[in-house]
2 protein chains.
Amino acid sequence: MIAIGEASRQSGVGIETIRYYEREGIVPEPERAANNRRLYSAQDVGRLRFLKRCRDLGFPLADARTLLALSESRSADCQSVRKLAEDHIRSVRRKIDALTKLNAALAELTANCATGTVDCPMLAELRAG
Amino acid sequence: MIAIGEASRQSGVGIETIRYYEREGIVPEPERAANNRRLYSAQDVGRLRFLKRCRDLGFPLADARTLLALSESRSADCQSVRKLAEDHIRSVRRKIDALTKLNAALAELTANCATGTVDCPMLAELRAG
DNA sequence: GCTTGATCCTGTAGTGGCTACAGAATGTAT
DNA sequence: ATACATTCTGTAGCCACTACAGGATCAAGC
């Protein structure tokens with residue numbers, strides 16, 4: 001059994017974030033020592049690492065929570081997992097598309113923006129339209 | 001002089017957002033009619049459209065505000081505009097890179113996830129590590 | 001003149017997912 | 001004994017809106 005700081009180090013989840021997950025009911029309340037400090041088991045740390053990986057993959061916290069529940073349920077329902085993941089992939093691809101268009105638009109805007117011009121063409125472009 | 005609803009329609013900025021911009025001091029307080037309703041000039045609408053375009057290009061609101069100030073200053077300082085824009089382009093490209101990697105990681109995860117498996121390999125992968 | 005419905009007003013609270021305190025109580029090392 | 005690190009609770013801030021609640025006013029039709 002380890003303290004919250006060590007659990008944070010081992011899982012990569014920040015201390016404040018761990019307490020936040022607890023408040024939100026995303027992870028169960030851990031044991032407490034006699035001095036009221038939280039005590040984490042290896043399983044607790046495993047949950048945190050799972051959540052960390054989900055979040056790093058860009059899943060919304062609500063999805064991460066669902067995935068964790070699925071992961072701990074007796075029947076690991078692969079269909080539900082697939083659906084969540086595929087929806088998320090679609091959303092990631094949409095974001096990439098949007099940002100790619102944005103990038104093109106920004107590149108075009110700045111391309112016309114020569115250094116030191118008195119009336120900046122980029123501002124003119126932003127005003128126009 | 002038009003009311004806030006019409007200014008919203010003409011600029012594409014939502015009514016609540018217009019009032020928010022006013023509260024935040026991003027646009028000046030507009031005139032008021034005798035009945036206390038806001039009255040917008042063509043210039044006011046122009047400002048809102050400018051902000052809308054900046055936001056659509058993904059500039060943070062703080063940058064949009066700076067760009068608007070630059071746009072209205074006597075000496076349209078093209079250098080500052082370039083710097084803001086180039087920083088923003090870099091951040092957009094970083095986001096694209098990150099999402100592209102994410103997309104690959106997610107694709108790999110789901111590729112192994114056959115339909116209806118009892119122990120979902122994606123969950124196994126999220127647990128491992 | 002009256003009703004209906006649209007528009008507007010102010011003020012406050014919620015969103016997501018943390019993050020950063022404040023202020024107090026412990027624990028650990030010298 | 002002292003210094004410093006860690007933990008505790010509770011609250012507020014971040015970004016950029018968005019969504020109410022509860023009320024006032026306006027415009028159009030009858």
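In what follows, every chain begins at residue 1, and chains take the letters A, B, ... in the order their sequences are listed. Just the heavy atoms: all of them, side chains too, but no hydrogens, waters or symmetry mates, feed the values below.
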Between [X] ([atom1]) and [N] ([atom2]), how many Å, whole number?
X: E24(A); N: dT19(C); atom1: CD; atom2: C1'; result: 14 Å
X: E16(A); N: dC21(C); atom1: CD; atom2: P; result: 10 Å
X: N35(A); N: dG27(C); atom1: CG; atom2: P; result: 5 Å
X: R65(A); N: dG17(C); atom1: CZ; atom2: P; result: 11 Å
X: R55(A); N: dC18(C); atom1: CZ; atom2: C1'; result: 9 Å
X: I2(B); N: dT7(C); atom1: CD1; atom2: C1'; result: 14 Å
X: E6(A); N: dT28(C); atom1: CD; atom2: C1'; result: 15 Å
X: R23(B); N: dT12(C); atom1: CZ; atom2: P; result: 11 Å

- Closest nucleotide of DNA chain D for T17(B) versus for Y40(A): which of these residues is on the 5' side? Y40(A)

- Using heavy atoms to find the nearest nucleotide of DNA chain D for R19(B) and P60(B) separately, return the residue whose nucleotide is more 5′.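 In this pair, the answer is P60(B).
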
Salt bridge [X]-[Y], side-chain N to carboxylate O under 4.0 Å:
X: R19(A); Y: E22(A); value: no
X: K83(B); Y: D87(B); value: yes
X: K52(A); Y: D56(A); value: yes

- Query: Looking across every strand, which nucleic acid part, if any, lies under 4.0 Å from R32(B) by heavy atom: base, sugar-phosphate, or nothing?
  - Reply: sugar-phosphate

- Looking for any heavy atom pair under 4.0 Å, which part of the strands does Y21(A) touch: base, sugar-phosphate only, or nothing? sugar-phosphate

- Has the side chain of R37(A) got a donor or acceptor that lies under 3.5 Å from a partner of the other kind on the base of dT26(C)? yes

Is [X] reaching over with its side chain to a backbone N or O of [Y], donor-acceptor style, under 3.5 angstrom?
X: S71(A); Y: L67(A); result: no
X: R47(A); Y: I26(A); result: no
X: R65(A); Y: E24(A); result: yes

- Task: Using heavy atoms to find the nearest nucleotide of DNA chain C for L61(A) and G5(B) separately, return the residue whose nucleotide is more 5′.
- Result: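 Looking at the nearest nucleotide for each, G5(B) comes out on the 5' side.
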
- Note on the structure: In the 5' to 3' direction, the nucleotides of DNA chain D bounding the stretch that comes under 4.0 Å of a heavy atom in chain B are dA16(D) to dC26(D)

- For S41(B) and D44(B), does a side-chain donor sit closer than 3.5 Å to a side-chain acceptor? yes

